[in-house]
Amino acid sequence: MANKILQRSAAGQKISLQNGIRNVPDHPILPFIEGDGIGRDIWQAAVGVFDAAVEKAYGGRRKVAWLEVYAGEKAFSQFGTWLPAETISAFRQFSVGIKGPLATPTGGGFRSLNVALREALDLYVCQRPVRYFAGAPSPVSRPEQVNMVIFRENTEDLYNGIEFELGSAGSQQFKALFKDHFPAEYAKIRFPDTAGIGLKLVSKEGTCRLVRAAIQWALDNRRKNLTLVHKGNIMKYTEGAFQKWGYELAEAEFGDRVYTRAQWERTRAGCGESAANAEQEAALQSGRLLIKDLIADTVFQQTITQPQEFDVLATMNLNGDYLSDALAAQVGGMGLAPGGNWNAESGQAVFEAAHGTAPRYAGKDLANPSALILSGEMMFRYLGWFEAADLIFNGVAGAIAAQTVTCDLHRMLKDSTPLSCSEFGRAVIRQIKLS
Ligand code: NAD
């Protein structure tokens, strides 16, 4: 397969990376995975939009050389393996790419291909914007106030897959060791004889690199505040440590470009609350980024009741997974939820929708391709092709504003015109051509 990749990629050039700085040629080779379930339908719709936007923005001077690589069911049926090594090496070699959803059966023995790919490329940032498009359905009364970006840590927490199944030899050995060495902790297990075990690992490096990327992005994009989301009241040395290390990093590395709630607490302890409030007010007036923290359950509540108070949210892996789907529901659901996975040091990136394979729409040309299209918008922005990115964004916004939507949105918008997946792609292209 490696030779085939090289043959098929001859029409373009590689993006080169040096210390995370990208040099993007006019004809970059971008690998893509079509994906399982609705993957083929949404990819076909999205790639037409990408090509139309690039053509309109650069009039033929720039063009993407798309390179198909394989994972999931298509890889298994053609090569007998779910995630060929060549696929990982193509993403590594060409630096930036995009993928459709890949299925992961629940339960025994099957590791998520999505997680495996993120781990192999060390894509530790999962960036998920949550924005409202005028005309989209929403269960909240002021959806136009929703404009948040989640930075979810992508490589640790409970997602490392270090688990011991009940009854397995590993489980028995682990429990015996644990009982021997930590009898007091072992005694806390409510039902030791019937408990499955999973390990939650949160490192200082893992936390710091995610929080660093989130703060840098917030500053670069002139956002006003960043919330560290955690459940440190219960899990002190993992979630609590995420909060502590996050604040320490903000103050040590970003100095007077940020103002932290930890600083506010210190000033309040020394000089009283009104002095702390005055200090914070002066810091924010001078354009500093406010870094605050909030317990995860409160975040779920307040992002619904006061969405205007939230700009950027830095989260651990599991909290971010839940939160990004919950917030997507405020602005039209999973069909409109894009994402990008990247590594700020290496510059490697793979963009993908937040949703999965939506089995009930698979192969029916009914799914909403917007989330993948908007993931492409993020990808072009990442590459510095801002004109193409703006056209894509405005094209989706225009199609939704015209109330020409796929069935997931049509169900909630009774006066809208229902379109198939491919028709929606063409509607976005029409908007791009008209702009
Ligand atoms: P899902 O995201 O596929 O579906 C959740 C709900 O959203 C369903 O009601 C579905 O119909 C709807 N939906 C999702 N995408 C849509 C779209 N583009 N247009 C219209 N409606 C859409 O989640 P699931 O059902 O829990 O998972 C299905 C499979 O996808 C599982 O195997 C799961 O592991 C996998 N998955 C993959 C990824 C990924 O590739 N990054 C992410 C999540 C889930």
Side-chain angles (χ1 to χ4, degrees), residues 32-46 49 70-76 82-83 87 91 97-121 123 126-128 133 136-137 150 152 154 159 161 317-318 320-342 349-376 378 396 399-400 405-413 416 418-425 428:
F32 71 92
I33 295 170
E34 221 175 51
D36 299 328
I38 58 172
R40 183 173 171 72
D41 287 350
I42 60 174
W43 171 254
Q44 292 300 332
V49 170
Y70 300 90
E73 283 154 20
K74 202 165 174 182
F76 192 74
W82 296 97
L83 184 57
T87 295
F91 278 110
I98 187 163
K99 67 176 274 296
L102 295 169
T104 312
T106 310
F110 197 98
R111 187 92 209 282
S112 163
L113 301 175
N114 305 299
V115 173
L117 189 61
R118 289 170 205 163
E119 279 179 3
L121 299 168
L123 305 174
C126 175
Q127 183 187 353
R128 293 198 170 156
F133 289 95
I150 296 168
R152 162 187 167 193
N154 229 358
Y159 281 63
N317 210 340
L318 183 61
D321 197 358
Y322 294 153
L323 192 61
S324 37
D325 283 23
L327 292 183
Q330 288 196 41
V331 292
M334 296 310 291
L336 287 172
N341 305 294
W342 42 274
V350 179
F351 292 82
E352 63 176 335
H355 62 69
T357 58
R360 75 177 154 140
Y361 293 135
K364 295 183 180 157
D365 193 22
L366 285 176
N368 187 346
S370 300
L372 185 62
I373 294 173
L374 293 167
S375 304
M378 291 174 71
V396 172
I400 293 173
V405 293
T406 43
C407 63
D408 54 325
L409 303 189
H410 170 68
R411 209 178 302 125
M412 298 178 275
L413 295 169
S416 62
L419 300 183
S420 67
C421 177
S422 51
E423 285 168 344
F424 182 82
V428 176

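Read the numbers this way: they start at 1 and go in the same order the structure lists the ligands and their atoms. All values below come from the heavy atoms of this structure, side chains included, with hydrogens, waters and symmetry mates left out.
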S.K.: Atom CG of D365 and atom CG of D41: how far apart are they, to the nearest 0.5 Å?
M.R.: 5.0 Å
S.K.: Tell me, do P418 and C407 make a side-chain contact under 4.5 Å, heavy atoms counted?
M.R.: no
S.K.: Report, in ascending order of atom number, the atoms of ligand 1 lying under 4.0 Å from any heavy atom of N114.
M.R.: 37 (C), 38 (C), 39 (C), 40 (O), 41 (N)
S.K.: Distance from L372 atom CG to F32 atom CZ, nearest 0.5 Å?
M.R.: 11.0 Å
S.K.: Mark the output for L102 as yes if a heavy-atom distance to ligand 1 is under 4.0 Å, and as no if none is.
M.R.: yes
S.K.: Could you tell me if any non-hydrogen atom of C421 lies under 4.0 Å from any atom of ligand 1?
M.R.: no
S.K.: To the closest 0.5 Å, what do you measure between CG (L323) and CD1 (I150)?
M.R.: 4.0 Å
S.K.: By number and element, which atoms of ligand 1 are closer than 4.0 Å to a non-hydrogen atom of A103?
M.R.: 32 (O)
S.K.: Using heavy-atom distances only, which candidate in G356, A337, S370 approaches atom 36 (N) of ligand 1 most closely?
M.R.: G356
S.K.: Looking at non-hydrogen atoms alone, which of G72, A358, A367 comes nearest to atom 13 (N) of ligand 1?
M.R.: A358
S.K.: Checking side-chain contact (heavy atoms from CB on, under 4.5 Å) between I373 and each of V396, I42, L336, N368, which is the one that passes?
M.R.: V396
S.K.: To the nearest 0.5 Å, what is the distance between NZ on K99 and CG on L117?
M.R.: 7.0 Å
S.K.: Is the shortest N/O to N/O distance between A354 and ligand 1 below 3.5 Å?
M.R.: no
S.K.: Which bit of D36 is near ligand 1, meaning a heavy atom under 4.0 Å away: side chain, backbone, both or neither?
M.R.: neither
S.K.: List the steps, then state whether side chain to side chain donor-acceptor pair (under 3.5 Å) holds for D408 with Y361.
M.R.: CA-CA 10 Å; D408 54 325; Y361 293 135; over 6 Å; no
S.K.: From the options M334, K99, R411, R118, select the one whose nearest heavy atom is closest to atom 7 (O) of ligand 1.
M.R.: M334
S.K.: With heavy atoms only and a cut-off of under 4.0 Å, state how T104 meets ligand 1: side chain, backbone, both or neither.
M.R.: both
S.K.: Just how far is it from atom CZ of F91 to atom CD1 of I98, taken to the nearest 0.5 Å?
M.R.: 9.0 Å
S.K.: Supply the atom-to-atom distance S375 OG to E352 CD, rounded to the nearest 0.5 angstrom.
M.R.: 7.5 Å
S.K.: Under 3.5 Å, N or O to N or O, is Y361 touching ligand 1 that way?
M.R.: no
S.K.: Going by the order shown, which atoms of ligand 1 are within less than 4.0 Å of some heavy atom of N368?
M.R.: 17 (C), 18 (N), 19 (N), 20 (C)
S.K.: Output the list of atoms in ligand 1 that are nearer than 4.0 Å to some heavy atom of P101, sorted by atom number.
M.R.: 40 (O)
